[in-house]
Number of protein chains: 2
Amino acid sequence: MVRKPATLKDVAALANVSRATAARALNSYGYVGDETGRKVQAAAETLGYRGNRLAQALRGGRLPVIGCILGDIQNPFFARIAHDIEVLCRECGHNLVIASSEEELEQEISLLASLQSLGIRGFIVAPASAEGNSHLQRLTAEHVPIVMVDRVAEDVECDSVAVDNEGGARKAVDYLIGMGHHRIGLLQDNARIFTSRERMNGYHAALSANDIKANDRIVSVSQSTVEHAVDATIRLFSQKTPPTALFTVDSLMTQGALLAFRSMGISIPYDVSLIGFDDFNLATFTDPQITVVSQPVSEIGRTAARLLFDRLSGKSNDMQKIRFETKLVVRGSVSHRSGR
Amino acid sequence: MVRKPATLKDVAALANVSRATAARALNSYGYVGDETGRKVQAAAETLGYRGNRLAQALRGGRLPVIGCILGDIQNPFFARIAHDIEVLCRECGHNLVIASSEEELEQEISLLASLQSLGIRGFIVAPASAEGNSHLQRLTAEHVPIVMVDRVAEDVECDSVAVDNEGGARKAVDYLIGMGHHRIGLLQDNARIFTSRERMNGYHAALSANDIKANDRIVSVSQSTVEHAVDATIRLFSQKTPPTALFTVDSLMTQGALLAFRSMGISIPYDVSLIGFDDFNLATFTDPQITVVSQPVSEIGRTAARLLFDRLSGKSNDMQKIRFETKLVVRGSVSHRSGR
DNA sequence: TTGAAAGCGCTAACAG
DNA sequence: CTGTTAGCGCTTTCAA
């Protein structure tokens, strides 16, 4: 009872035509007699013919599959992007392979290689590192379509979709300064990561524009998970003179900071003010609600996928480097600090 | 400058051996001379030979790819599972195709078909519907390895990993009743979904064990998104005699209920008590913290993937139907209700 | 309008 | 130990 899936040969046999004819009828190209066409269709139907994409891909082009390499699918930001990409892929008759680099360059490289040997049609990548992307350069040199999402590797020439990270961070820190804060802590990801780096730049730009000199002791680096961020926040706020405000570079870190503050008995916004980059579902559940820099997250994934399919269909010509604006969403986690 | 990737033929030519020998050397099987082996390796190295999985798969078995069809990757529960599955796949030298059924049976069917034609090795599926799974039956009949995760389709004979939904729900509702609640609302997903159904059963079991008769008016059905759950909760609590407690069947719904309560000015746990099925990151951020039924989420994905690889390697014999226990995590969202 | 035949890149008998 | 050969399922010239 182990029926092997029907092949084109089976269909052709049942319809009494050659394999070539059957293929023509099924894929509707070339000349096929009306009557013959119907016969083949019927045969395919009864046999439940599905076609073998593997064979098709081997023969002609590549598999109708897109590869997507992101940092971490558990980050709601990436989950949202992955979801949107998947929907668009489906609309375009493609499937999506999702892989996570876990922010390791090595892993990104090996993932890319293994996906490429699968005969995948194109990639959407959030590069783990802002530089040293010779593996991506090689792919583009071989004309494998790549779109970078959320992060831009400056040394790779391809389409990209990102947001104005520096501007967003700058708005946040400017706002904090405007509220009277001078000791503004920064909780950031590894500076190798493009977004972290740009957001850090925005932070520094805001400080120096306001004649505040940066202080390494109130900058903490942590992996982008809630747990790591908790530790980093505790380190930061266990100092003798802790910051009066904190800027966190992504939503997982913001949540970690929140948890840390709670466990340390530090209350927002009285003891400390907080702004996070990237909005998140529960930012409005807490009391007070959290002020954030929001990104147009619903646009990012869709746009990246659209760029990729445009390129696959040869529609687009020159590289598109898209940057979306960010917005400071003021809620209740920042208080005015008088004096000093 | 468009170097086509090197093929086995190229390697063989460069090494001055036949393709068969080259293949043997590269895949290290059969007899290969020491010297020859080295020559081939070197040739492969210089050419950057990668091998074409497509061709390998066409010839022999299937692609080293696992397909994973879940309800919604944006649900943190599924995101976590997908992540864990991906990690295990990678350890086993496989890639992961992720697709979302969006809880539509039709979509699940077409997804499965399109993935199967990709020559995928096995599937991990959270069936959109508890019944009517002839598409899954067909696959198992063709000996395509399938593992069901989170949800079990009773009419399909394959490995599965799920939790004790009924027991978990029962514990939650028993607890509410023990705290003096009689009008306990239920916010559930479509009853076609296995987990929703089982959790609903637990709810009803608890009620009838305590001689409380069920009341349809305080049961609300909604899609599992925060937005839909907000609306459903508002409907539920706009009645003349609203429930004094609410049990929600998943974490997105719990969050929706939270938002709805906030917008309606209903305060937890004074005006209403709340228990949600499935713990979530921010359940401890709110004030009060939310009491939940927690699942061993870190085990579920890994276990499912392990079952699948065991089956692929022929290690396992009879079907494994694994059920994990759930745990009631008491926090602060339930208050005692005296009288009535 | 249809069929015959070649071949995508690879592996696995089977000879040698 | 190595080469020859056949063929996985499909598409696509080229002839008929």
Side-chain angles (χ1 to χ4, degrees), chain A residues 2-41 43-44 47-65 113-114 116-121 142, chain B residues 2-41 43-44 47-65 113-114 116-121 142:
Chain A
V2 188
R3 272 193 317 259
K4 289 228 158 237
T7 77
L8 186 61
K9 199 157 96 176
D10 303 330
V11 176
L14 184 57
N16 264 315
V17 296
S18 72
R19 278 149 60 220
T21 305
R24 277 191 285 256
L26 262 10
N27 305 322
S28 43
Y29 74 91
Y31 291 95
V32 185
D34 248 28
E35 178 59 17
T36 325
R38 253 189 305 281
K39 259 197 317 190
V40 175
Q41 292 292 357
L47 262 45
Y49 174 72
R50 290 247 160 248
N52 181 335
R53 303 233 176 256
L54 242 46
Q56 293 170 203
L58 178 57
R59 184 79 225 308
R62 313 178 76 75
L63 236 28
V65 172
S114 101
Q116 209 197 351
S117 73
L118 247 43
I120 273 183
R121 219 165 261 186
E142 291 173 12
Chain B
V2 189
R3 272 194 316 260
K4 288 230 157 235
T7 77
L8 186 61
K9 199 157 97 177
D10 303 331
V11 176
L14 185 58
N16 265 315
V17 295
S18 72
R19 278 148 61 219
T21 305
R24 279 191 285 257
L26 262 11
N27 305 324
S28 43
Y29 74 91
Y31 292 97
V32 186
D34 248 30
E35 177 60 17
T36 325
R38 252 189 304 283
K39 258 196 319 188
V40 174
Q41 291 293 356
L47 261 45
Y49 174 72
R50 290 248 160 248
N52 182 335
R53 303 232 177 257
L54 241 46
Q56 292 170 203
L58 177 58
R59 183 78 224 315
R62 313 179 76 74
L63 235 29
V65 172
S114 102
Q116 209 197 349
S117 74
L118 246 43
I120 272 182
R121 221 165 260 185
E142 291 173 11

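Just so you know, these numbers come straight off a predicted model, no measurement behind them. In what follows, chains carry the letters A, B, and so on, assigned in the order in which the sequence lines appear, proteins first and then strands, with residues in each chain numbered from 1.
The line from CZ of B/Arg53 to CD1 of A/Ile120 is 11.5 Å long, rounded to the nearest 0.5 Å. For the atom pair CZ of B/Arg59 and CG of B/Asn52, the computed distance is 14.0 Å after rounding to the nearest 0.5 Å.
Contact of the A/Val40 side chain with the A/Val32 side chain is not registered, since no non-hydrogen atoms from C-beta on lie closer than 4.5 Å. Residues A/Gln41 and A/Arg38 form no side-chain contact, since every pair of their non-hydrogen atoms from C-beta on lies 4.5 Å or further apart.
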Please report, to 0.1 Å, the donor-acceptor pairs under 3.5 Å made by any side chain of residues 10-29 of chain A, with sequence neighbours excluded.
unit_1: A/Asp10; atom_1: OD2; unit_2: A/Thr7; atom_2: N; d: 2.8
unit_1: A/Ser18; atom_1: OG; unit_2: A/Ala20; atom_2: N; d: 3.4
unit_1: A/Ser18; atom_1: OG; unit_2: A/Thr21; atom_2: N; d: 3.2
unit_1: A/Ser18; atom_1: OG; unit_2: A/Thr21; atom_2: OG1; d: 3.0
unit_1: A/Asn27; atom_1: ND2; unit_2: A/Ala23; atom_2: O; d: 3.3

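Taking each heavy atom of A/Arg62 and A/Gln116 in turn, the nearest pair found is NH2-O, 3.8 Å. The two residues A/Arg50 and B/Ser117 have their closest heavy-atom pair at O-CB, 4.5 Å. Nearest heavy-atom pair, B/Ala57 versus B/Leu63, reported as atom, atom and distance to 0.1 Å: CB-CD1, 3.5 Å.
Atom P of nucleotide C/dT1 and atom CZ of A/Arg38 are separated by 13 Å, given to the nearest angstrom.
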Item to check | Summary of protein contacts for nucleotides 8-16 of chain C, nucleotide by nucleotide, where a base hit scores B, a sugar-phosphate-only hit scores S (4.0 Å, heavy atoms) | outcome: BBBBBB---
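If you walk DNA chain D from 5' to 3' and mark each nucleotide with an atom closer than 4.0 Å to a heavy atom of chain B, the marks span D/dC1 to D/dG9.
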